[in-house]
Amino acid sequence: MPGSKTIFLLEKNVNMDTVITRFPPSPTGYLHVGGARTALFNWLYARHMKGRFVLRIEDTDTQRSTQASVDAIFEALEWLGIDWDEGPYFQSKRFDIYLEYIEKLIDSGNAYYCTCSQEKLEEMRATAMASGKKPKYDGTCRNKGLKKTDNAVVRIKAPLDGTTVVHDVIKNNIVFNNTELDDFIICRSDGTPTYNLAVVVDDITMSINTIIRGDDHVNNTPKQIIIYNALGHSLPVFGHVPMVLGSDKARLSKRHGAMSVTEYKDMGYLPDAFINYIVRLGWSYGDQEFFTRDELIEKFSLENIGRSAGVFDINKLLALNADHIKLSDPVKITKHLAPFLNKLGFEFKEGPFIEGVIKTLNARSKTLKEMAENAAFYFQDTISYQEDAASKFLTADSVEILNTLIALLEALESFDEKSIENVFVKIMEQTGLKLGKIAQPVRVALTGKTISPGVFEILNVLGKEKSINRLKTAVSFIADKKS
RNA sequence: GGUCCUAUCGUCUAGUGGUUAGGACGCUGGCCUCUCACGCCGGUAACACGGGUUCGAAUCCCGUUGGGACUACCA
């Protein structure tokens, strides 16, 4: 458990120029697209700047936080390939540190105990609302110098006038009138710290100097700045990235389909394609659309983050996924494809066979799931013919072609793609038939379907023995049909 | 309601005072072709509106409208 001692060492060891970012999810659900993008931006920036990336779990809401959510977040980050240099820290284990800082604030006169009841607060809010005013704490206890009592909360002594300005690297300066702010609570009556206090204390003690987070936090920022000021600490760099919206322009939610990042994994998206897509949703690098992970690290910058909210478009993600599948090294694809093949009941080992399979399918698959389904015929021991395909192409006319092919393939010394193609050319010359006429029956014999990768490629990947067996099976199928 | 953010094709975006407003996804016409894809060539479609500033505004300013966020003893 990281006590204040650890933190002290940390502060000493880190160079002031080192960029330190963080991702602080609260474990009240799965990691969703917006959160993933925030994590990604922070991670990319840290990696780009050769800085450090810290993971912190904000679980002070004991009612809503669950271990299942913590696990789900880890799983999602792992899939995304986002690793951290420090942490995970758990806020629930740091209460003593927060309390220490709260006391510091009280002792320095920047915070005070307040004994106003919740009922009184409700009333205050109601009357303010009724008269069209902003619901704010009226400062009843601000100068009472109250001592700690059982049900007291601690409030920060916020400035009464002037302005607080957020220097935002994405949105530029955002000015808040201090009259809009009130003496908000930093410590609850049960002695637990509130969000704004915990965040600031964490960011200070963890030496976070760059905070990239969602737009939804801009209104919290002046409050946090007040705490930084009260603690006499310098401010980090703030950058607020716009929200990710659903197709109806509302905040992304379950209505719009997959909400958890891991659902995209299950649908057959490649993590690199997914991060490529979400990073482009709000960030750009000229006209470039396709990025590898390394390119992203090399090119990512805060300056090119956009200012307006973006709509999540599954179609574009799909297209990008197809590009990544097509352009990635088959060895890498193998790893990600395996679970989908296994799920269909197919076992295989790494090596030239599966890589050959992938090479015939990578320009034909938009997802890994689709690829696995289309690869089925490579793994099946017996091919079942689609009715239409068989009746159209596995006919008496085809028998001679298939038999000729079998004979020529059997005579082949090297079963490479070029030699296989030459066999077909030979048959074309002998029979005067066009390739299409020959290829379709062969395709059906090999795959059971009329749609597949090129027949030369399939023959090559399948190998001599399996290929010839399938062709022979088709010949006898035709013979059986006739009789 | 109040505060704050925001506004270029349907969507993601490039653009930082002078461009035929570019790219990508989608949709679409064609080429290539052993099927299906891939690829290639082409088409479709945008500066929300109104005022300024300027010789000149998508670009700067001010309104309007639309969208979003926040407004807790949640995070």
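Values reported hereafter were calculated over all heavy atoms of this structure, with side chains retained and with hydrogens, waters and symmetry mates removed. Given the structure is predicted, the values throughout are model-derived calculations rather than measurements. Letters A, B, ... are given to chains in the order of the sequence lines, protein chains preceding strands, and every chain is numbered from 1.
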Check this one for me: any side-chain N or O of T60(A) less than 4.0 Å away from OP1 or OP2 of rA75(B)?
yes

E400(A): salt bridge (Lys or Arg N to Asp or Glu O under 4.0 Å) partners, not counting sequence neighbours
none

Residue K316(A), side-chain atoms from C-beta onward, closest of rU6(B), rC70(B), rG23(B):
rG23(B)

Mind listing the residues from residues 441-449 of chain A sitting with a heavy atom below 4.0 Å of RNA chain B? Number order is fine.
R443(A)

With the side chain counted from C-beta on, respond yes when T115(A) and C141(A) share a heavy-atom pair under 4.5 Å apart, and no when they do not.
yes

Per the glycosidic torsion and the 90° limit around 0, nucleotide rC38(B) is syn

Per atom distances to the L281(A) side chain, the nearest of rU3(B), rU71(B), rC12(B) is rC12(B)

From rC25(B), rC70(B), rC38(B), nucleotide with atom closest to A363(A) side chain
rC38(B)

Measure from the side chain of V311(A), starting at C-beta and using heavy atoms only, and say which of rU6(B), rC34(B), rU11(B) lies closest.
rU11(B)

For this output row, return yes or no: ring centroids of F41(A) and F300(A) closer than 6.0 angstrom.
yes

How close or far is atom P of rA24(B) from atom OH of Y277(A), stated in whole angstroms?
17 Å

If we count only N and O atoms by modelled type, under 3.5 Å, do the side chains of K299(A) and Q288(A) hold a donor and an acceptor together?
yes

Rounded distance (Å) that lies between atom C1' of rA37(B) and atom NZ of K366(A)
9 Å

Tell me the partner of rA48(B), counting only Watson-Crick (N1-N3 plus N6-O4 or O6-N4) or G-U wobble (N1-O2 and O6-N3) with both under 3.5 Å; none if nothing fits.
rU64(B)

From rC73(B), rU35(B), rA7(B), pick the nucleotide closest to the side chain of L121(A)?
rC73(B)

How are the rings of Y264(A) and F274(A) set to each other: parallel, tilted or perpendicular (split at 30° and 60°)?
tilted

Side-chain donor-acceptor contacts of residues 369-380 of chain A below 3.5 Å, not counting sequence neighbours, with atom names and distances?
| unit_1 | atom_1 | unit_2 | atom_2 | d |
| --- | --- | --- | --- | --- |
| E370(A) | OE1 | K366(A) | N | 3.4 |
| N374(A) | ND2 | E370(A) | O | 3.4 |
| Y378(A) | OH | T360(A) | OG1 | 2.8 |

When you get a sec, tell me which of rA24(B), rC73(B), rC5(B) is the closest nucleotide to the side chain of E289(A)?
rA24(B)

Candidates rC34(B), rA14(B), rA75(B) - which lies nearest the side chain of Y195(A):
rA75(B)

Closest of rU3(B), rC73(B), rC5(B) to the E180(A) side chain is rU3(B)

Polar side chain donor-acceptor pair, H240(A) to D168(A), under 3.5 angstrom:
yes

When the nearest nucleotide of RNA chain B is assigned to N315(A) and to K437(A) on a heavy-atom basis, which residue is associated with the more 5' position?
N315(A)

With the side chain of K326(A) defined as its heavy atoms from C-beta on, choose the nearest nucleotide among rC38(B), rC73(B), rU6(B).
rC38(B)

Between rC4(B), rC36(B), rG23(B), which nucleotide has the shortest distance from any of its atoms to the side chain of D287(A)?
rG23(B)

In the strands shown, is rU3(B) matched to any nucleotide by a Watson-Crick or G-U wobble pair with both distances under 3.5 Å, and which?
rA69(B)

